[in-house]
Engineer: 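Here it is, the structure, as structure tokens.
Keep in mind that this is a model prediction, so the values were computed, not measured.
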Amino acid sequence: ALERTKTLFNSDKRKGIGVICNGLGDEISPEFFDKEYALLTEIGNNYQIRHFETDKKPIDNLETKKYLFFRALSLINLTLSRIKM
């Protein structure tokens, strides 16, 4: 779902995320949201969250999984509630 939000405004994720971050950046800088999206994407790509290849690191602790899930969910929720399509 996090990856899908990046394409709400443009099929090119980089351009789409720019629109989102600028829209969210009225109280907190757009750069903050850009870094948040980038960090959550990096975690998703490097750990066994989105990909389960043998070179991806597992996350076994349930509380860590919950933390990452709710962090991503909060960003998705903020994006969907604040950005008018």
Side-chain angles (χ1 to χ4, degrees):
L2 183 68
E3 291 301 306
R4 291 281 189 202
T5 60
K6 295 178 185 180
T7 61
L8 288 172
F9 295 98
N10 195 307
S11 59
D12 179 330
K13 288 181 184 180
R14 241 357 295 161
K15 291 178 182 175
I17 200 68
V19 173
I20 291 169
C21 292
N22 285 330
L24 295 175
D26 59 341
E27 297 175 321
I28 300 174
S29 73
E31 292 81 12
F32 171 85
F33 292 105
D34 188 60
K35 288 177 186 176
E36 184 72 357
Y37 265 102
L39 181 58
L40 288 170
T41 299
E42 180 183 340
I43 291 168
N45 289 339
N46 293 318
Y47 292 86
Q48 290 183 355
I49 294 172
R50 294 181 52 227
H51 304 283
F52 288 85
E53 292 87 4
T54 57
D55 65 329
K56 305 303 178 203
K57 300 173 191 168
I59 298 176
D60 297 320
N61 184 279
L62 182 59
E63 295 306 315
T64 302
K65 289 179 186 180
K66 286 180 186 178
Y67 165 76
L68 292 171
F69 173 81
F70 285 109
R71 183 172 172 177
L73 180 62
S74 294
L75 184 57
I76 294 166
N77 183 59
L78 179 66
T79 299
L80 295 177
S81 66
R82 295 276 322 275
I83 303 298
K84 305 299 181 212
M85 297 177 57

Engineer: With heavy-atom distances below 4.5 Å as the criterion, would you say the side chains of L68 and Y47 are in contact?
Structural biologist: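 The answer is no, as the side chains (C-beta and beyond) never meet within the 4.5 Å cut-off.
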Engineer: Compare all side-chain heavy atoms of F33 with those of I20 and state whether any distance is below 4.5 angstrom.
Structural biologist: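 A side-chain contact is absent here, since even the closest heavy-atom pair is not under 4.5 Å.
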Engineer: Could you state the interatomic distance from CG (N45) to CD (E53), rounded to the nearest 0.5 Å?
Structural biologist: 9.5 Å
Engineer: Do T41 and E3 have side chains that get closer than 4.5 Å, going by heavy atoms?
Structural biologist: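 Contact flag for T41/E3 side chains = yes.
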Engineer: Does some side-chain heavy atom of L8 sit less than 4.5 Å from a side-chain heavy atom of L80?
Structural biologist: yes
Engineer: Could you tell me the separation between the CD1 atom of I43 and the OG1 atom of T64, rounded to the nearest 0.5 Å?
Structural biologist: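 Interatomic distance, I43 CD1 to T64 OG1, rounded to 0.5 Å: 10.5 Å.
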Engineer: Decide, yes or no, whether a salt bridge links R14 with D34 under the criterion of side-chain N to carboxylate O below 4.0 Å.
Structural biologist: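 Salt bridge flag = yes for D34 with R14.
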Engineer: If we only count heavy atoms from C-beta on, is the N46 to E42 side-chain gap below 4.5 Å?
Structural biologist: yes
Engineer: Flag yes if more than 12 heavy atoms outside K65 fall under 6.0 Å of its NZ atom; otherwise flag no.
Structural biologist: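 Enclosed: over 12 neighbouring heavy atoms sit under 6.0 Å from NZ of K65.
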Engineer: Using 0.5 Å steps for rounding, measure from the NZ atom of K66 to the CZ atom of F70.
Structural biologist: 7.5 Å
Engineer: Shared ILVMFWY cluster between L78 and Y67, side chains joined below 4.5 angstrom?
Structural biologist: no
Engineer: Do the non-hydrogen side-chain atoms of T5 and Y37 ever get within less than 4.5 Å of each other?
Structural biologist: yes
Engineer: L2 pairs by side-chain contact (heavy atoms from CB on, under 4.5 Å) with which of L40, T79, L73?
Structural biologist: L40
Engineer: Linking I/L/V/M/F/W/Y whenever their side-chain heavy atoms sit closer than 4.5 Å, directly or via other members, would I49 and L39 fall into one cluster?
Structural biologist: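 Yes, one cluster joins them.
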Engineer: Do Q48 side-chain atoms and K56 backbone N/O form a donor-acceptor pair below 3.5 Å?
Structural biologist: yes
Engineer: Could you give the distance from CD (E27) to CZ (R82), rounded to the nearest 0.5 Å?
Structural biologist: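 If we round to the nearest 0.5 Å, E27:CD and R82:CZ are 5.5 Å apart.
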Engineer: Give, for atom CD1 of I83 and atom SG of C21, the distance between the pair rounded to the nearest 0.5 Å.
Structural biologist: 8.5 Å
Engineer: Rounded to the nearest 0.5 Å, what separates atom CZ in F32 from atom CG in L24?
Structural biologist: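 Here the rounded value is 10.0 Å.
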